[in-house]
**Student:** 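Let me give you the structure first, and then I'll get to my questions.
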Amino acid sequence: MPKLDQTGQQKFDRGTKAPMWAVQLYALAEGSAEVINVTVVSPTMPAVTVRQPVVPVDLEALPWVNDRDGKVRSGVAFRASALTALDTAAA
């Protein structure tokens with residue numbers, strides 16, 4: 001889905017001017033799973049389906065800190081240039 005700003009408009013990358021897309025990926029390991037929110041910066045929406053195995057292309061982890069009204073929040077934002085679908089039939 002499009003990544004939206006606070007006014008409901010789709011966000012665009014400052015450098016490339018390409019639209020930004022919000023994708024939730026599931027990282028699965030033996031006995032655990034985690035949802036990872038990834039922003040994909042691409043001229044077109046990633047062509048993937050729910051539960052389709054993918055590999056993020058050029059995945060970056062971007063640490064951030066926000067100090068607003070005396071409350072400090074921090075985290076890591078994930079960004080990719082594309083998602084490549086895995087061919088599970090060949091496995």
Side-chain angles (χ1 to χ4, degrees):
M1 70 180 357
K3 184 168 185 164
L4 305 178
D5 64 15
Q6 291 137 348
T7 66
Q9 299 297 311
Q10 184 168 17
K11 289 184 170 187
F12 289 84
D13 181 70
R14 290 180 186 155
T16 65
K17 307 297 186 222
M20 301 169 84
W21 308 93
V23 180
Q24 289 187 323
L25 302 181
Y26 295 91
L28 302 173
E30 197 66 41
S32 68
E34 185 172 344
V35 176
I36 301 172
N37 294 312
V38 177
T39 297
V40 177
V41 179
S42 171
T44 58
M45 184 171 70
V48 295
T49 60
V50 173
R51 295 192 179 125
Q52 180 179 23
V54 298
V55 174
V57 177
D58 301 325
L59 182 65
E60 296 178 83
L62 306 163
W64 57 269
V65 176
N66 184 337
D67 184 354
R68 187 179 299 171
D69 299 327
K71 293 183 180 180
V72 178
R73 297 177 55 217
S74 63
V76 177
F78 294 95
R79 176 184 173 117
S81 62
L83 298 176
T84 301
L86 291 179
D87 182 7
T88 56

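The first residue of the sequence shown is numbered 1, and numbering continues consecutively from there.
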**Student:** According to side chain to side chain donor-acceptor pair (under 3.5 Å), does anything in residues 20-36 pair up with another residue at least two apart or in another chain? List the pairs.
**Tutor:**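 Sorted pair list: Gln24-Asn37.
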
**Student:** Where is the tightest heavy-atom contact between Ala47 and Gln52, given as atom of each residue plus distance?
**Tutor:**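 Shortest heavy-atom contact: O-OE1, 4.2 Å.
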
**Student:** Honestly curious: do Val23 and Val54 fall in one hydrophobic cluster under the side-chain, below-4.5 Å linking rule?
**Tutor:**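 Same cluster.
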
**Student:** Which heavy atom of Met45 sits nearest to which heavy atom of Met1, and what is that distance?
**Tutor:**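 In this case the closest contact between Met45 and Met1 is SD-N, 4.4 Å.
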
**Student:** According to a hydrophobic-cluster definition based on side-chain heavy atoms being under 4.5 Å apart (Ile, Leu, Val, Met, Phe, Trp, Tyr only), do Val41 and Phe78 belong together?
**Tutor:**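 Not linked; separate clusters.
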
**Student:** Kindly write out the residues that satisfy side-chain hydrogen bond (donor to acceptor under 3.5 Å, both in side chains) with Thr39, not counting sequence neighbours, or none if the list is empty.
**Tutor:**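 With neighbours one apart ignored, the set is Lys3.
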
**Student:** According to side chain to side chain contact (heavy atoms under 4.5 Å, CB included), who are the partners of Ala33, at least two apart in sequence or on a separate chain?
**Tutor:**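 Per chain and number, Ala33 pairs via side chain to side chain contact (heavy atoms under 4.5 Å, CB included) with Leu28.
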
**Student:** Considering residues at least two apart in sequence or located in another chain, which fulfil the side chain to side chain contact (heavy atoms under 4.5 Å, CB included) criterion with Asp5?
**Tutor:**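 If we apply the side chain to side chain contact (heavy atoms under 4.5 Å, CB included) test to Asp5, skipping adjacent residues, the hits are Thr7, Gln9, Lys11.
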
**Student:** Same cluster or not: are Val76 and Val38 linked, directly or through other Ile, Leu, Val, Met, Phe, Trp or Tyr residues, by side-chain heavy atoms under 4.5 angstrom apart?
**Tutor:**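 Linked within one cluster.
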
**Student:** Test of understanding: clusters of I, L, V, M, F, W, Y form through side-chain heavy atoms closer than 4.5 Å, transitively. Do Leu83 and Ile36 belong to the same one?
**Tutor:**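 Leu83 clusters together with Ile36.
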
**Student:** Which atom names give the shortest non-hydrogen contact between Pro43 and Ala18, and what distance separates them?
**Tutor:**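 That would be N-CB, 4.3 Å.
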
**Student:** Any idea which heavy atoms bring Pro63 and Ala61 closest together, and the distance?
**Tutor:**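 Between these two residues, the closest heavy atoms are CD-O, 3.5 Å.
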
**Student:** Listed by chain and number, what are the side chain to side chain contact (heavy atoms under 4.5 Å, CB included) partners of Val50, not counting sequence neighbours?
**Tutor:**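 Here no residue qualifies.
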
**Student:** If you compare all heavy atoms of Ser81 against all heavy atoms of Ser42, which two are closest, and at what distance to 0.1 Å?
**Tutor:**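 It is O-CB, 4.0 Å.
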
**Student:** Could you note down all residue pairs passing salt bridge (Lys or Arg N to Asp or Glu O under 4.0 Å) where residues 62-71 supplies at least one of them, sequence neighbours left out?
**Tutor:**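 Qualifying pairs: none.
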
